[in-house]
Protein chains: 2
Amino acid sequence: MGAEDDLTPAQKTLAQRKQAQKTTSANGTPARRGRKPARAVEPDDADEGIEASDLDLTGLTSVVGYTLRRAQMAVFEDFSARFATLDLTPAQYSVLLVISDNPGRKQSEIARVLGIQRTNFVVMLDQLEKRGLAERTRSATDARSHAVFLTKAGTALLGKARKLQAAQEEDFASLLGPGGRDTLVALLRKVARID
Amino acid sequence: MGAEDDLTPAQKTLAQRKQAQKTTSANGTPARRGRKPARAVEPDDADEGIEASDLDLTGLTSVVGYTLRRAQMAVFEDFSARFATLDLTPAQYSVLLVISDNPGRKQSEIARVLGIQRTNFVVMLDQLEKRGLAERTRSATDARSHAVFLTKAGTALLGKARKLQAAQEEDFASLLGPGGRDTLVALLRKVARID
DNA sequence: TTTAATTGATATGGATCATAACAATATTTG
DNA sequence: CAAATATTGTTATGATCCATATCAATTAAA
């Protein structure tokens, strides 16, 4: 827990630096999606107020909640930067992934495992469907439910996304050391009580 | 990264169960603050749709971003449940902590180290000041800035909050094992690029 | 001294998330 | 079977969170 976001200009992620140019030159305006990726790309305002960090933060930097929050923000931004060219938010990526691994499931099922309110999931799916990435089909057995699938385009995009995501994991591995990444995931799963 | 929040009814945190009654019997209506603490307390709807998790989530459960997100949500909820009686959000707690460790600093400084936009921090401080927990003082050296301090009440409340927070850390320690918690914090700091 | 930067503040829009209500359909049960 | 209840997808709506633009007062820089 802790503050809101954070990330001073100094705390740019690897990927952001790497893709800085790429992102800008990609196309005119990639039809921004979701919250603007914070400051994935911006006029070099580096070191400007980076200092002033003579403030005492020791009360927070050893707190699980705070570091968790900060890490999540950092990873989110890194993800957004990497996925900018695909115009996919983390949430959208997770939806495509789950649909891909569970084709034909009901809307509500997909939403629930991801912890998305089915009411809000409607809009998410609308967007993915509008982009031709996913599609709803009326279930033959239950006229109420919609079976959800990825389109070919959706599968193709997910393929690219998977590669970007794999690259991110590799960067984590090299940042945290060999077993560091695995250890982190294991600890996080315990905290999140997943599985 | 992953979905939105999550947390099926099965995934309650220790603290939430512990404080369930406490929270409800605390007082009439503790003047809710911030987003409702999800489902810290609720009519026992335990096991209801817990199943249906025959869905394949293997594509996500090994992803740093996703587990990070889930962990953050879980910890946030746990925190909210513990701090319900104090009516403090994680963000507010972090603000009080930083002010306490850095009394007399400018508004903008406090905000910046926490990654809060100074524009949004104005409102946060307004609330804390309205509750008599913090106060602004005109700086003698710079008529523009406000020096921020905790009031006695603020210091007192922070004292209680620190204890609750310490308890949470201890629960993490017992959940993750002796060095588990420390390892987690260390890994998260690297990921967040803190320090 | 004129210009630029900082500080606190207000207003506003976007994105996220939760809840209420509803129509269509399915299931339960009396 | 008929009536009551539950599920599914949907729309609408409000709250919170976060970012940007703008502004007045004040200070610092040119």
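Note on naming: letters A, B, ... go to the chains in the order of the sequence lines (proteins, then strands), and numbering restarts at 1 for each one. In this text the structure is predicted, and so the values were computed from the model without any measurement.
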(message) Expressed as a whole number of angstroms, how long is the span from I110(B):CD1 to dG8(C):C1'?
(response) 14 Å
(message) Test your reading of the model: is there a side-chain donor-acceptor pair from S100(B) to the backbone of L96(B), 3.5 Å cut-off?
(response) no
(message) Would the distance check show the side chain of R189(A) and the main-chain N or O of T61(B) forming a donor-acceptor pair, the cut-off being under 3.5 Å?
(response) yes
(request) State which of dT10(D), dA9(C), dC18(D) makes the closest approach to the side chain of Q107(A). (result) dT10(D)
(message) Taking the nucleotide of DNA chain D with the nearest heavy atom to each, does V123(A) or D142(B) sit closer to the 5' end?
(response) V123(A)
(message) Output the rounded distance in Å from CZ (R138(A)) to C1' (dG9(D)).
(response) 8 Å
(request) Return the orientation label for the Y93(A) and F83(A) ring planes: parallel under 30°, perpendicular over 60°, tilted otherwise. (result) perpendicular
(request) State whether the distance check finds a donor on one side and an acceptor on the other, under 3.5 Å, for side chain R118(A) versus base dG9(D). (result) yes
(request) Nearest whole angstrom, please: distance from the P of dA18(C) to the CE of M73(B). (result) 7 Å
(message) For dT10(D) and R136(A) - does any side-chain N or O of the residue sit under 4.0 Å from the phosphate oxygens OP1/OP2?
(response) yes
(message) Tell me the interatomic distance from D87(A), atom CG, to dA15(C), atom P, rounded to whole angstroms.
(response) 11 Å
(message) If I take atom CZ in residue F121(A) and atom P in nucleotide dT7(D), what distance separates them, rounded to the nearest angstrom?
(response) 19 Å
(request) Give the rounded distance in Å between these two atoms: CE of M124(A) and P of dT16(C). (result) 8 Å
(request) Among the candidates dG8(C), dA5(C), dT8(D), find the nucleotide nearest to the side-chain atoms of R144(B). (result) dA5(C)
(message) With a 4.0 Å limit, can you tell me whether T119(A) has a side-chain N or O closer than that to the phosphate oxygens OP1/OP2 of dC17(C)?
(response) no
(message) Tell me whether S145(A) contacts the main-chain N or O of S139(A) through its side chain, where contact means a donor paired with an acceptor under 3.5 Å.
(response) no
(message) Looking at dT25(C), I'd like to know if its phosphate oxygens (OP1 or OP2) sit under 4.0 Å from a side-chain N or O belonging to S145(A).
(response) no
(message) For a quick check under 3.5 Å, do Q107(B) and R118(B) share a side-chain donor-acceptor pair by atom type?
(response) no
(message) If the cut-off is 4.0 Å, is Q117(B) near the phosphate of dC18(D), judged by side-chain N/O to OP1 or OP2?
(response) no
(request) Could you tell me the separation between the CG atom of N120(B) and the P atom of dA9(C), rounded to a whole number of Å? (result) 13 Å
(request) Taking only the side-chain heavy atoms of A143(A) (C-beta and beyond), determine which of dT25(C), dT10(C), dA25(D) contains the nearest atom. (result) dT25(C)
(request) Figure out the CD/C1' separation between Q72(A) and dC17(D), and round it to whole Å. (result) 14 Å
